[in-house]
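See structure below.
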There are 2 protein chains.
Amino acid sequence: MTQTTDALTSSNKSGSALVDDLASQIRDRIMTGEIPIGAQLRQAELASNFGVSRTPIREALRQLQTGGLIEVLPHRGAVVRVPAPWEVRESYEVRAELEALAAARAVSRITRAQIDDLRGANKEMFDTSAAAAQDPASDTPAHQQNNDLFHTLISSISGNARLTKTIDDINTTFPRNVSAQLVVTDARHREENFQEHERIIDALAAGDTAQAAKEMREHVIKAGEQLAHWYEQRSSTVFHG
Amino acid sequence: MTQTTDALTSSNKSGSALVDDLASQIRDRIMTGEIPIGAQLRQAELASNFGVSRTPIREALRQLQTGGLIEVLPHRGAVVRVPAPWEVRESYEVRAELEALAAARAVSRITRAQIDDLRGANKEMFDTSAAAAQDPASDTPAHQQNNDLFHTLISSISGNARLTKTIDDINTTFPRNVSAQLVVTDARHREENFQEHERIIDALAAGDTAQAAKEMREHVIKAGEQLAHWYEQRSSTVFHG
DNA sequence: CACTCCTCTCTTGGATCCAATCGTAAGCAT
DNA sequence: ATGCTTACGATTGGATCCAAGAGAGGAGTG
């Protein structure tokens, strides 16, 4: 539709990373909202978009299917899943537990420098989202990345790769350009988000395992509630057919 | 190789569940050990085995790849992943947390009848694995299924589908015919396993949330330790080339 | 005798072809 | 006019074809 992006250009290095690249790119397009919730993914269209044949596209779609991001109906093609609010709450309850574990594990491993990194990332996220609120034209996905960075950092500090992967699996189930929007549009949400992050960092810095876990758990649950609420209001209207 | 299983026979009902069926069947063969750790999965062989062409096989393999059960190397085919012991420990730490959450959630939802079901499943598992220890000829995967059933029941009682799925994702990463073997071969392990399950049930019955979570967490960690230990001893020898 | 390079083969990867299926809509009958 | 049937268009699903990469083995040379 837009133009032939020529998937081969990007990372042509190691043989058949092509399928994984395709899956990654399609996932990104869904995450950023470029491909909206409920949209149909026609293989032929994607194929011509990326300048490849349908074969690797089909395999990429299978990957996204097992990830739970899209739904493949028998002979009717694939659609971007429209998460039900209760699904979001369920998933974020799991994610809360996992991130709490990550925070708890991080307490005994985090360094002074990493604490500074966290504070920097949090501040940066606050600033960029505030800037995006002022000037909607600068709608870079920077604040989204910075928001994620905070959580990504902690989960990586936890030193458990499986934990990181599991959290990521949950996150990549829901198109989350949405949650970034929340932080941008609503100043109160932005402020609360910042403060919650700060409290988590404080607990980490103080070496208070239980507190770090508790703050993180509550923070994630709250974020999940907001995301669920967003879907509740818009889920019936967003998907175009 | 063995014979053309004719994948179409099983569940030919709804259009293209074929790929999912194939993935499921291949996964089962890996889980049961019919396809051993480290074995190569040649597409042509699988295709003729199941009586289909390579195309759906390739898509099925992609699903297993994202699940993490197999590893697909660029032009060298797919192999069943040989989990490193530290991966097992990491994963089981995550699983322990998740199952602890499941147990905690189950406390307020479990019914008297379900408690009886749990006790029945536990007893049955103990008996079948004891029987398998006496008579290795009756090496049905029954004890394996009963072992899983205990955990599956609790996770389903927890009433969080995402939680159940996440736990299952972790479990289906490791071929686990192994862990069943442990319970069968070693009488002490079998007895301990039974007792640990009983303590979990007791906590559930008593409505003691913290205790249920704690017992479950320790139980899973212990199981993970045993599984990791098994891999530690055999990982270098099992895979055939 | 060892090392390098070349070729040959085996397997995977991408493209293409044809069959199967779903949705739609036109046509027919009541 | 409404309901049912049927035919067509569009899209996916499976099979097949050809190209490309990786490994093994052998020949040739230092």
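Each chain gets a letter, A, B and so on, in the order the sequences are listed, and its residues count up from 1.
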Between A/Pro56 and B/Ala78, the residue closer to the 5' end of DNA chain C by nearest nucleotide is B/Ala78
Ignoring the backbone of B/Arg54, work out which of C/dC22, D/dA15, C/dT12 is nearest its side chain. C/dT12
Side-chain donor-acceptor contact under 3.5 Å, B/Thr173 with A/Arg162: yes
Nearest whole angstrom, please: distance from the C1' of D/dG13 to the CG of B/Leu22. 12 Å
Applying a 4.0 Å non-hydrogen cut-off, can you work out what A/Leu61 is touching in the nucleic acid: base, sugar-phosphate, or nothing? nothing
Closest listed nucleotide, where the reference is the side chain of A/Thr55 and the choices are D/dG14, C/dT21, C/dT16: C/dT16
From the list D/dG14, C/dG14, C/dT12, which nucleotide is the closest neighbour of the side chain of B/Val19? D/dG14
Nucleotide of D/dG13, C/dA15, C/dT12 approaching A/His75 most closely (side-chain heavy atoms): D/dG13
Any heavy-atom pair between the side chains of B/Lys222 and B/Asn193 that's under 4.5 Å? no
Using a 4.0 Å heavy-atom cut-off, does A/Ile57 contact any base of the nucleic acid, only the sugar-phosphate backbone, or nothing at all? nothing
Between A/Ser53 and A/Pro56, the two heavy atoms sitting closest are O-CD, 3.3 Å
Check this one for me: any side-chain N or O of A/Arg76 less than 4.0 Å away from OP1 or OP2 of C/dG23? yes
If the cut-off is 4.0 Å, is B/Ser53 near the phosphate of D/dA15, judged by side-chain N/O to OP1 or OP2? yes
Side-chain atoms of B/Leu18 come closest, of D/dT12, D/dG14, C/dA15, to D/dG14
What about A/Arg58: does its side chain form a donor-acceptor pair under 3.5 Å with the base of C/dG14? no
Between B/Arg62 and A/Gln65, is there a side-chain heavy-atom distance shorter than 4.5 Å? no
Would you say a side-chain N or O of B/Gln40 is under 4.0 Å from OP1 or OP2 of C/dT11? no
Regarding the side chain of B/Arg42, the nearest nucleotide among D/dG13, C/dG14, C/dT11 is C/dT11
